[in-house]
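Written out below as C-alpha cells is the structure these notes cover.
Ligands are counted one by one from 1 in listed order, and the atoms in each one are counted from 1 as well.
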Amino acid sequence: MRPFDEDALSAASGFSLAEREAVYHAIMTRRDVRSQFRPDPLPDDVVQRLLTAAHHAPSVGFMQPWNFILVKSAAVRARVRDAFASANDEAALMFAGERQQAYRALKLEGIVEAPLGICVTCDPTRSGSVVLGRTHNAKMDSYSTVCAIQNLWLAARAEGVGIGWVSIFREGDLKSILGIPEHIEVVAWLCAGFVDRLYDEPELSVKGWRQRLPLEDLVFHDGWGLNT
Ligand SMILES: Cc1cc2c(cc1C)N(C[C@H](O)[C@H](O)[C@H](O)COP(=O)(O)O)c1[nH]c(=O)[nH]c(=O)c1N2
C-alpha cells in the first residue's frame, strides 16, 4: 500500500476524501460565539444530536461523568448573566492600564441573547471512588467532560449552531442559581443558538487581544524544549 494512495486511505479509514475534509472543515472553522446569536429557539432534534455527540466523547474509565442542564428560561439566564457581570467586574480589575480598557471593550458572553444555555457539569462520584485511569490524577474526570464539550462544539459547527463558552463566574453563583449539589463540579456554561455568520479567525485575535502562536514553537521532539 502506497502511503498517500487516496483509495487505500479511504479504505483504511472508512472516510472518503470529502468526509475527511468535512472533519477538518469543522475543526478549522469552529468559533467561540458571543454576539451573533439569532433569537429563534433551537429545535429539540438539533439539541438532541448535539448532546448525543457530547455523550460519545471519550472518558476516563468510561466514567461518563457529565450532566447537561438545559436552560431555556429567560429569567434564569438573566440571573446567570448577572452572575457573569459581577465576576467580570472582578476580572477586569486584574488587568492593568490599557489592557484593562481593552478587556472592558471585549464582549465575553451572549448569555441572554442565545436562546439556550447549557451548563455542563462533572460528577466525580459517577462510578465510585476508584476509577480506572484516574487513580493518579484526580483531574481526569474534568478532562473527560471537556472532551464532551469539544464534541458538542464541533457537531454544533456542522449544524450551523454557534457555541460560546463562558467561564467568568464564581462557581458558587452558578451552583446556587441552578441548584447544583455541592459535590458536582461546574465545567462550562455554553451559550447556544443559530448563527448566520462566524468570524474567520478567533474574535480575540481579530480584536487584537492575542494572536495564534506558531505551531512549530509548541512542538518538541524527544524532550521538553527540544524542537529542532
Ligand atoms: C475553557 C475555556 C473557557 C473560555 C473559553 C474557551 C475555553 C476553551 N472562551 C473562548 C476562547 O476565548 C476562544 O476559544 C479563543 O479565543 C479561540 O477562539 P475560537 O474558539 O477559535 O473562536 C471564552 N470566551 C469568552 O468570550 N468568555 C469566556 O469566559 C471564555 N471562556
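L213 pairs by the side chain to side chain contact (heavy atoms under 4.5 Å, CB included) definition with R210, L218, not counting sequence neighbours. In terms of the side chain to side chain contact (heavy atoms under 4.5 Å, CB included) criterion, P39 has no residue partners (sequence neighbours excluded).
In this structure, a donor-acceptor pair under 3.5 Å is absent between the side chains of R134 and S144.
Look at R31 and E203 and you find no salt bridge, because none of the NZ, NE, NH1 or NH2 atoms lies under 4.0 Å from a carboxylate O.
Protein residues with a heavy atom closer than 4.0 Å to ligand 1 are R30, R31, D32, R34, L108, W165, V166, S167, I168, P202, L204, listed by chain and number.
Side-chain atoms of F169 and V186, non-hydrogen and from C-beta on, never get closer than 4.5 Å to each other.
Sorted by first then second residue, the salt bridge (Lys or Arg N to Asp or Glu O under 4.0 Å) pairs that include residues 14-25, not counting sequence neighbours, are E6-R20.
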